[in-house]
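Just so it is clear: chains get the letters A, B, ... in the order the sequence lines come, proteins before strands, and each one is counted from 1.
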Amino acid sequence: MSEERSLNFIEEIIEEDIRSGKHGGRVHTRFPPEPNGYLHIGHAKSICLNFGLAKKYNGLTNLRFDDTNPEKEETEYVDSIKEDVRWLGFEWANELYASDYFEQLYEFALKLIKKGRAYVDDSTAEEIASQKGTPTEPGTPSPYRDRSVEENLRLFAEMREGKYTDGEKVLRARIDLASPNMHMRDPLMYRIRHAEHHRTGNTWCIYPMYDFAHGQSDSIERITHSVCTLEFIPHRALYDWFIEELEIFPSRQYEFARLNMTYTLMSKRRLLQLVNEGFVNGWDDPRMPTISALRRRGYTAASIRDFCERIGVAKRENVIDVSLLEFCVREDLNKTAWRRMAVLDPVKLVITNYPEGQHELLEGENNPEEEGGGGSRQIPFSKELWIERDDFMENPTKKYFRLGPGLMVRLKHAYIIKCEDFVKDESGNITEIRCTYVPESKSGSDTSGIHVKGTIHWVSVPHAAKAEVRLYDRLFLSEEPAAEGRDFREHINPESLQVLPDVYMEADLARAEQGRGYQFIRKGYFTLDKDSKPGALVFNRTVTLKDTWAKAAKKG
RNA sequence: UGCCCGAUAGUAUAAAGGUAGUACAACUGAUUUUGGUUCAGUUUGUCUAGGUUCGAAUCCUGGUCGGGCAACCA
């Protein structure tokens with residue numbers, strides 16, 4: 001069937017399950033975010049995995065919000081999560097919430113109490129912690145561990161009724177205080193929280209813990225393959241224990257290694273810190289690794305899906321080189337982005353032998369990668385142009401292919417020019433470059449016979465549109481800003497955002513559409529920012545072009 | 001010190017006892033009206049010690065190294 005013979009370990013498990021007829025060959029996964037923050041590229045890996053698995057094996061995927069902690073969860077996050085999953089190109093079978101199951105979960109708890117498998121504990125958090133023992137020493141029983149079923153039933157009902165304050169009592173599973181797996185030492189099932197929940201409001205004052213909600217939710221939804229990250233491995237024994245004791249649908253949990261990426265952070269807690277402490281301007285600041293930030297920056301959904309495909313799925317801890325993500329977006333944008341010219345750091349160039357007041361329209365294809373150039377646009381040309389300041393060198397080095405005194409270069413889509421002279425101000429800055437052009441070298445009908453090594457981009461001075469351009473670089477200077485013993489705040493790149501307020505570009509760009517990628521020739525991929533307004537254009541740089549010249553120049 | 005997971009080029013990921021391959025990165029060169037793209041090529045790898053086997057990255061045993069686990073978070 002599958003041509004690409006190599007499967008990841010989860011696909012192998014699923015194919016084996018299908019072969020053996022488990023669940024009648026049915027595959028049903030879920031993506032279970034907690035709505036307490038925005039989704040990041042690490043979640044994209046999980047989304048692509050869960051939805052991708054279901055798609056590949058003709059199954060379904062639920063979107064389930066794991067909302068069992070009313071103090072951290074908000075509707076704003078629910079909305080952003082839905083938007084991000086959709087944008088990535090996935091369709092969920094059902095939109096569900098763990099809070100939908102609160103009543104059912106309560107019934108499950110009752111069942112365990114009646115079986116003598118759960119008890120109400122009056123111990124404080126500190127007492128319970130010390131009762132757990134240590135990895136090498138067994139725990140000790142709580143003095144309340146052997147309450148009667150009747151008493152437990154009454155107390156638990158009273159907990160629900162609101163008779164107790166936060167922390168006064170908890171419901172615990174009665175398992176094994178000597179288990180080498182700490183999670184099996186009578187874990188908490190319910191705690192009291194007199195807090196308003198984003199969906200259930202004040203209906204409840206007791207809330208189930210993750211371990212007493214997640215597996216049961218999977219089971220209620222008849223999830224066949226519950227895929228999560230490595231840190232939940234020790235929870236699996238508990239996951240299975242509850243399912244067995246409750247005698248409910250046997251969902252199974254499988255764990256893979258979460259995504260880590262160089263030069264960024266991947267923990268919601270730290271990302272929240274970046275937002276709250278003002279290191280970035282919100283969750284969708286284009287320097288963030290969140291899906292919303294990547295989208296705003298100009299990353300395409302296709303490129304993120306491709307990235308998730310390429311990084312693979314395994315159990316080994318990994319740190320992916322961010323250059324792979326950049327490669328993926330360049331590869332996608334190279335095929336789809338319209339080429340335009342924009343001069344980021346302008347210096348004036350005057351063509352002395354071009355008639356004053358004359359201008360003409362030249363043609364430039366939208367995308368040379370597309371068949372037939374993907375259509376074209378007209379580019380106004382005139383006597384005065386803006387060119388890039390670093391496309392001129394007063395004393396050019398031997399391998400410099402651009403402009404310098406006496407040197408010739410091609411103006412993209414236009415003519416070959418020769419630098420005759422240049423003007424400097426008192427402080428030695430070049431203020432104007434004076435050239436002559438070769439009339440018979442016009443792009444497309446060049447009869448000059450002249451061959452030049454370099455081609456530069458330009459914008460006609462009287463026709464230029466002006467825009468603000470935001471250049472983004474990695475947020476951190478260190479490959480692993482959150483590595484052990486580090487305060488990531490000390491590794492922030494002070495130059496991660498560079499704002500260019502006055503960039504000249506082709507007037508055509510005034511009609512740029514949001515969500516579309518543009519390649520500013522020789523400069524990189526850009527996209528219109530949401531801050532942009534007619535007459536006050538704002539572009540974000542998605543990623544630079546690969547620049548082997550800059551690399552070579554840096555080396556000397 | 002208990003339990004659990006893992007270990008293949010710089011980074012990831014394949015090879016289900018039979019030629020260690022692929023991608024990114026790096027480096028050469030060719031092409032190019034983007035120092036982009038494309039194309040061709042190069043460099044670099046099975047943690048370790050034993051064992052089983054005609055044959056081990058793969059199976060077994062010991063070790064080493066890395067990570068996780070003792071929240072009324074998920």
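Considering all non-hydrogen atoms of both residues, A:Lys442 and A:Arg410 come closest at C-NH1, 4.1 Å. Closest approach of A:Arg402 to A:Asp390, counting heavy atoms only: NH2-O, 3.3 Å.
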Under 3.5 Å, which protein N or O atoms sit close to an N or O of nucleotides 30-32 of chain B? Give each pair with its distance.
none

Please produce a list of atom pairs where a protein N or O lies less than 3.5 Å from an N or O of nucleotides 65-69 of chain B.
residue, atom, partner, partner atom, Å
B:G67, O2', A:Glu317, OE2, 2.7
B:C69, O2', A:His183, NE2, 3.3

Scan nucleotides 24-26 of chain B against the protein and return all N/O pairs shorter than 3.5 Å with their distances rounded to 0.1 Å.
residue, atom, partner, partner atom, Å
B:A26, OP1, A:Lys551, NZ, 2.4

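If you check B:C72, B:A14, B:G36 against the side chain of A:Arg339, the one that comes closest is B:G36. Listed candidates were B:A71, B:A74, B:U34. Nearest to the side chain of A:Ala129 is B:A71. Minimum atom distance to the side chain of A:Ser443 is reached by B:U33, of the listed B:U34, B:A12, B:U33. Of the candidate nucleotides B:G36, B:G35, B:C72, B:C72 has the atom nearest to the side chain of A:Arg193.
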Study note, to complete from the structure: Parsed dot-bracket for RNA chain B after applying the Watson-Crick and G-U rules with both distances under 3.5 Å and | for other-strand partners is .((((((..((((....[..)))).(((((.......)))))....(((((..]....))))))))))).....
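A donor-acceptor contact under 3.5 angstrom links the side chains of A:Gln131 and A:Ser123, judged on distance only. A:Asp218 and A:Ser226 share a donor-acceptor pair across their side chains, judged by distance under 3.5 Å alone. Residues A:Asp211 and A:His183 have side chains that never bring a donor and an acceptor to within less than 3.5 angstrom of each other. Between the side chains of A:Ser219 and A:Gln216, no donor-acceptor pair of N or O atoms lies under 3.5 Å. A:Asp66 and A:Tyr97 are not linked by any side-chain donor-acceptor pair at a separation below 3.5 angstrom, with hydrogens and angles left out of the test. For the residue pair A:Ser323 / A:Glu326, no side-chain donor-acceptor distance below 3.5 Å is found, with atom types taken as modelled.
Scanning atom types as modelled, no donor and acceptor separated by under 3.5 angstrom connect the side chain of A:Glu369 and the base of B:U38. With hydrogens and angles ignored, a donor-acceptor pair closer than 3.5 Å exists between the side chain of A:Arg410 and the base of B:U33. A:Arg316 contributes no side-chain N or O that forms a donor-acceptor pair with the base of B:U13 under 3.5 Å.
The shortest distance between the side-chain N/O atoms of A:Ser179 and the OP1/OP2 oxygens of B:C3 is not below 4.0 Å. Regarding contacts with the backbone of B:A15, every side-chain N or O of A:Ser6 stays at 4.0 angstrom or more from both OP1 and OP2.
Nucleotides B:C39 and B:U31 place their C1' atoms 8 Å apart, quoted to the nearest Å. Across the P atoms, B:G29 and B:C69 are found 50 Å apart, a figure rounded to whole Å. Between B:G63 and B:C4, the distance separating the two P atoms is 14 Å to the nearest Å.
The aromatic rings of A:Tyr190 and A:Tyr106 lie perpendicular to each other, with more than 60° between the two planes, well past the 30° mark.
Among the protein residues, A:Ser267 comes within range of no part of the nucleic acid, since none of its heavy atoms lies under 4.0 Å from any strand. Using a 4.0 Å heavy-atom criterion, one finds that A:Ala125 contacts the bases of the nucleic acid, with or without backbone contacts as well.
In this structure, the aromatic ring of A:Trp549 is positioned over the six-membered ring of the base of B:G35, centres within 5.5 Å and planes within 30°.
Residue pairs that meet the salt bridge (Lys or Arg N to Asp or Glu O under 4.0 Å) test with at least one member in residues 226-236 of chain A, sequence neighbours left out, are A:Glu231-A:Arg258, A:Arg236-A:Glu255. Sorted by first and then second residue, the pairs that involve residues 367-377 of chain A and meet salt bridge (Lys or Arg N to Asp or Glu O under 4.0 Å), not counting sequence neighbours, are A:Arg377-A:Glu506.
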